[in-house]
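Down below is the structure, laid out as structure tokens.
Only this structure's heavy atoms are used, side chains among them; waters, hydrogens and symmetry mates stay out. Every number for a ligand or one of its atoms is a count from 1 in the order of the listing. Quantities reported herein were computed from a predicted structural model and do not represent experimental measurements.
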Amino acid sequence: MLMVSAPIVGIPEKAALFEVIDSGWLTMGDRVQEFEEAFANLHGAEDSVAVSSCTAALHLILHALGIGPGDEVLVPALTFVATANAVLYVNATPVFVDIESMDVPLMSIAEAEALCTPRTKAVILVHFAGYLPDREAWQAFAARRGLLLIEDAAHAPGLKEVGTYGVAAAFSFYGNKNMTTAEGGAVIARDRALRDRIRLARGHGMSSGTHQRLNSRTPTYDVTMLGFNYRLDELRAAIGIVQLRGLPGWNEIRQILVMQYRRLIAQQCPAVAIPFSAPRLSAYHIMPILLPDAAQRQDVIDRLRSQGIQTTIHYPPVHKMTLYRERCPGVHLPKTEAFAQRELTIPLHPDITTKTVEGVVAALADAVGVSQMGMAK
Ligand SMILES: *Cc1c(COP(=O)(O)O)cnc(C)c1O
């Protein structure tokens, strides 16, 4: 089966894991710090905080900013559920914002503006599929409304611009992301005081960690705040250090494959639309396409699957999930819903060859053609 995404891991990661095991120190230590510095460096930042997931990163950011009960946070609904969940973790209210258009499925500034109230405190931007929103426009909006800008950058690691939009950015190293540590995440926050609060809350608010106490004369510690256990370990950090070396090249391969997909789909399946038709900075995390209205998506999925091609949907809108229908009833986002109904994500990862892309597009043209003619039943 050709998968939508695949981790690129091998001998260097295995060697890095052996080294950690032989070292006798498995939990947060020197390798985590080395990874934090290397990850920050790649993004032109001074430092970063490695954590156990992007979900933890988002929670820590909102927590450290003091966002809480009574506060509203603008979020897209075309995202993974974690973006909105983090808002609920701090007992604030997620306010779902529609996308700009079918071609630009990023949160709409005009819609965001219309949903602002005196309680609105922050916005969480998502670089959907890896494509970056208009930074100057969002910064102007945030300044005008006095809002904190936060990036859920799970789709866009490795770009210098990411992590420069607002107060902080959250990254994911889950197995299907552009780089992976199996599970893992990081925070980039340029303000040192904010970064220190996030680092403290990551480890129970303890004044020193186990590893620091090892090298210190004082084995005691203090707890200065109610924190969490959102630490990363040395095994994951060691994988991350290796992965960071590959990330820039992998992102370039992703771009080349996306350009080829765009060219071939335009030629062979002109009824299929590809979002982000205008050039825009991207980490090319996934390859979303929009099937024609007349096509039956399930038929297309089944036909591609029978050809050994996996597809997925990004995303079933968060406001339509049972949890959010209960917590945030009555939300209607026509553009997000229309997009999510027609969207299909086709395979994109650095192990795919240009020959494979040709095969996927041929299978897609066939599947969409049959489905549109109504012969699929
Ligand atoms: C994957 C993802 C997350 C969650 O990342 P984890 O590291 O699994 O917690 C959050 N937001 C978006 C947009 C994602 O794609």
Query raised in the report: Can you find a side-chain donor-acceptor pair between E37 and Q33 that sits under 3.5 Å?
Result: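 Their side chains do contain a donor-acceptor pair, which is all the 3.5 Å distance test asks for.
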Query raised in the report: Are E72 and T117 close enough that a side-chain donor and a side-chain acceptor fall under 3.5 Å?
Result: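 Side-chain D/A pair, E72 to T117: present.
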Report task. Would you confirm whether R119, through its side chain, and G70, through its main-chain N or O, come within 3.5 Å as a donor-acceptor pair? Result ->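 It does hold such a pair.
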Query - Between F80 and Y174, ring centroids under 6.0 Å - result: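 That pair fails the under 6.0 Å test.
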Report task. Measure from the ring center of F173 to the ring center of F35 and say whether it is less than 6.0 Å. Result ->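 Judged by ring-centre distance (under 6.0 Å), F173 and F35 do meet the cut-off.
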Polar pairs, ligand 1 vs protein, N/O only, below 3.5 Å.
unit_1	atom_1	unit_2	atom_2	d
ligand 1	5 (O)	S172	OG	3.2
ligand 1	7 (O)	C54	N	2.9
ligand 1	7 (O)	S172	OG	2.7
ligand 1	9 (O)	C54	N	3.3
ligand 1	9 (O)	T55	N	2.9
ligand 1	9 (O)	T55	OG1	2.5
ligand 1	11 (N)	D152	OD1	3.3
ligand 1	11 (N)	D152	OD2	2.7
ligand 1	15 (O)	H155	NE2	2.8
ligand 1	15 (O)	K177	NZ	3.4
ligand 1	15 (O)	Y315	OH	3.3

Report task. Applying side-chain hydrogen bond (donor to acceptor under 3.5 Å, both in side chains), name anything that partners T164, two or more places apart in sequence or on another chain. Result ->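 Per chain and number, T164 pairs via side-chain hydrogen bond (donor to acceptor under 3.5 Å, both in side chains) with R135.
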